[in-house]
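Notes follow once the structure below has been shown.
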Amino acid sequence: MSWLGILAIAYTFGKIISLVKLPSILGWLIAGMVFGPYMVGLVSSITINETWYLVIEKTAECLAGVMIGSEMIVSKLRKYGKSIIVTTLFQSIGTFFVVSVVFLCVFAITKTPLYLAPIFGGIALATAPAPALSIVKQYRTKGPITDTLLPMAALDDIVGIIIFFTVITTVSITKGGGEGISIWKTVCSIVLPIVIGSIIGFLGGLIARKTSKKWSLLLSMIVPMLIAAACGIVIDLFLFGSWMFNYLLAGMCVSAFMSNMVGEEKLQSFLHSFDPVLSICLIVVIVNLGMPLNYKTIAGAGLFTLVYIVARAFGKYGGAYLGSSVSKAPTTVKKYLGFTLLPHSGVSLVFTGIAVTTLSGFDPDSAQILQGTIASAAIINEIIAVILARQGFKWGGELPIDKKNTEVKVR
């Protein structure tokens, strides 16, 4: 019941934040952080690690994948496909390279183990898609930045997982004897969501395109995503033994197949009916991002935190700019896409947890440096990044405007 109370508070905070023309996600993040384990404590750290809680949160992630999958229409991908792939590779690999090189220099000066640098780079390259998706939904953004960002969110996750686990596996083998990392689990965490989501999405699409009534269409498209989430939960609990399955990617694949099979009219009808469910799912996901953020880490934030935030921002913006230029993307994408890629906390905390667990066995001091730096950076960066992400859409001209040339507040 306390958890439901936090969701209600988050919804209220989001409404208040939106009154001053800031994204509602800020209110949701603040509610999660303030009323989570480290401040008020309405929900304990034990609760957010219990199976029932994680089942709800992972199911919400899967359903939130609709926002990405419903935009992956073949005709749209033909228009932006090359640009999306090229830009994703440039901004992901570029961020990894920039952060790694910068920290190599800093660690050489501070006499910190140099092998930590690529781990920081591997964590930094990932983008948390949920914050950007919530901004897209709240403001109904439309244009080339939005069309590029949504499918990029899924591709960025894949690139991030591949690079991070390559780095942490290499470090584990060379420094810690190879314990704690499972290659097959890493590969399956990417492949299984795509395979399972695609199969379920195809079968669901066959059923959905035969339905005509509004509620039957809604159910025929929601149920396959719930089935995909259930498959992921079973795999995590009984095969992986940890929460590695990419639920957002699975939900994206399910909805992408169905969206292409049902036709534009049915798709729009479904999205309209699904909107309240999507709103709830996004609040659940974002509040969950805020709960692990310990405000006390801000007090200990130092040089490494500042370097991390600045280097990552430079890598994301510079990589997106260069990739968009090479792929000849629209000018607005080249100039402003980078700002929408700055949100980071969810994926960074997952990667950090894995890295800290790996390092603790043979280098606990480095594990503490890594955990403290990323935790404090997550709080500081997320607040700044959400505001800048919204500004990126605004500068790119993709926020709705009314007759007085002011931003429309989407209710």
Side-chain angles (χ1 to χ4, degrees), residues 33 36-39 41 44-50 54 95-96 99-126 128 160-183 185-186 189 240-244 289-312 344-382:
M33 186 170 65
Y38 297 105
M39 288 189 73
S44 68
S45 57
I46 296 176
T47 299
I48 63 176
N49 288 300
E50 288 184 354
L54 291 168
T95 301
F96 170 72
V99 174
S100 297
V101 170
V102 169
F103 269 106
L104 278 173
C105 298
V106 172
F107 289 158
I109 296 172
T110 59
K111 296 182 180 180
T112 304
L114 296 182
Y115 73 81
L116 275 181
I119 296 179
F120 273 97
I123 293 172
L125 67 87
I161 290 171
I162 292 172
I163 293 180
F164 170 76
F165 278 101
T166 299
V167 169
I168 200 65
T169 300
T170 302
V171 170
S172 177
I173 292 173
T174 57
K175 298 292 182 179
E179 296 183 4
I181 294 296
S182 174
I183 302 297
K185 287 184 180 180
T186 302
S189 70
F240 291 160
S242 59
W243 298 89
M244 295 183 64
L289 293 183
M291 284 187 181
L293 301 181
N294 188 348
Y295 72 98
K296 294 179 182 178
T297 60
I298 296 178
L303 173 64
F304 292 166
T305 297
L306 177 62
V307 170
Y308 181 84
I309 293 173
V310 174
R312 181 179 181 275
H344 181 44
S345 68
V347 183
S348 72
L349 294 177
V350 172
F351 283 178
T352 301
I354 295 170
V356 167
T357 299
T358 302
L359 296 177
S360 295
F362 59 88
D363 192 352
D365 290 338
S366 292
Q368 190 172 4
I369 291 173
L370 181 69
Q371 188 171 34
T373 301
I374 303 301
S376 55
I379 300 173
I380 299 169
N381 178 79
E382 206 64 11

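Quantities reported herein were computed from a predicted structural model and do not represent experimental measurements. Positions are given from 1, in the same order as the sequence printed here.
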> Are Ser44 and Thr47 close enough that a side-chain donor and a side-chain acceptor fall under 3.5 Å?
Replying inline: yes
> Nearest heavy-atom pair of Thr95 and Ala124: which atoms, and what distance?
Replying inline: CG2-O, 3.7 Å
> Do the side chains of Leu125 and Phe351 get nearer than 4.5 Å, heavy atoms only?
Replying inline: no
> What is the minimum heavy-atom distance between Gln371 and Val356, and which atoms define it?
Replying inline: CB-CG2, 3.8 Å
> Just wondering, do Phe96 and Val167 contact through their side chains at under 4.5 Å, heavy atoms?
Replying inline: yes
>> Contact between Glu50 and Ile46 at the side-chain level, heavy atoms closer than 4.5 Å - yes or no?
In response: yes
>> Is any side-chain heavy atom of Thr110 closer than 4.5 Å to one of Phe304?
In response: yes
>> Please give me the minimum heavy-atom distance between Leu303 and Val106, naming the atom from each residue.
In response: CD2-CG1, 4.3 Å
> Do Leu359 and Pro364 come close enough that some side-chain heavy atom pair is under 4.5 Å?
Replying inline: no
> How long is the gap from CE on Met33 to CE on Met291, to the nearest 0.5 Å?
Replying inline: 12.5 Å
> Is it the case that Thr305 and Thr373 place a side-chain donor and acceptor less than 3.5 Å from each other?
Replying inline: no
> Does any donor atom in the side chain of Asp363 or Tyr115 lie under 3.5 Å from an acceptor atom in the other side chain?
Replying inline: yes
>> Any non-hydrogen side-chain atom of Val171 less than 4.5 Å from a side-chain atom of Leu116?
In response: no
>> Pair Phe103, Leu114 - check side-chain contact (heavy atoms from CB on, under 4.5 Å), show working.
In response: CA-CA 8 Å; Phe103 269 106; Leu114 296 182; over 6 Å; no
> At their closest point, which heavy atom of Met244 faces which heavy atom of Ser189, and how far apart are they?
Replying inline: O-CB, 3.4 Å
> How far does CD1 of Ile119 sit from OG of Ser172, to the nearest 0.5 angstrom?
Replying inline: 9.5 Å
> With a 4.5 Å heavy-atom cut-off, do Tyr308 and Ile123 have their side chains touching?
Replying inline: yes
>> Please find the pair of heavy atoms, one from Ser100 and one from Pro118, that lie closest to each other, and give the distance.
In response: OG-CA, 3.5 Å
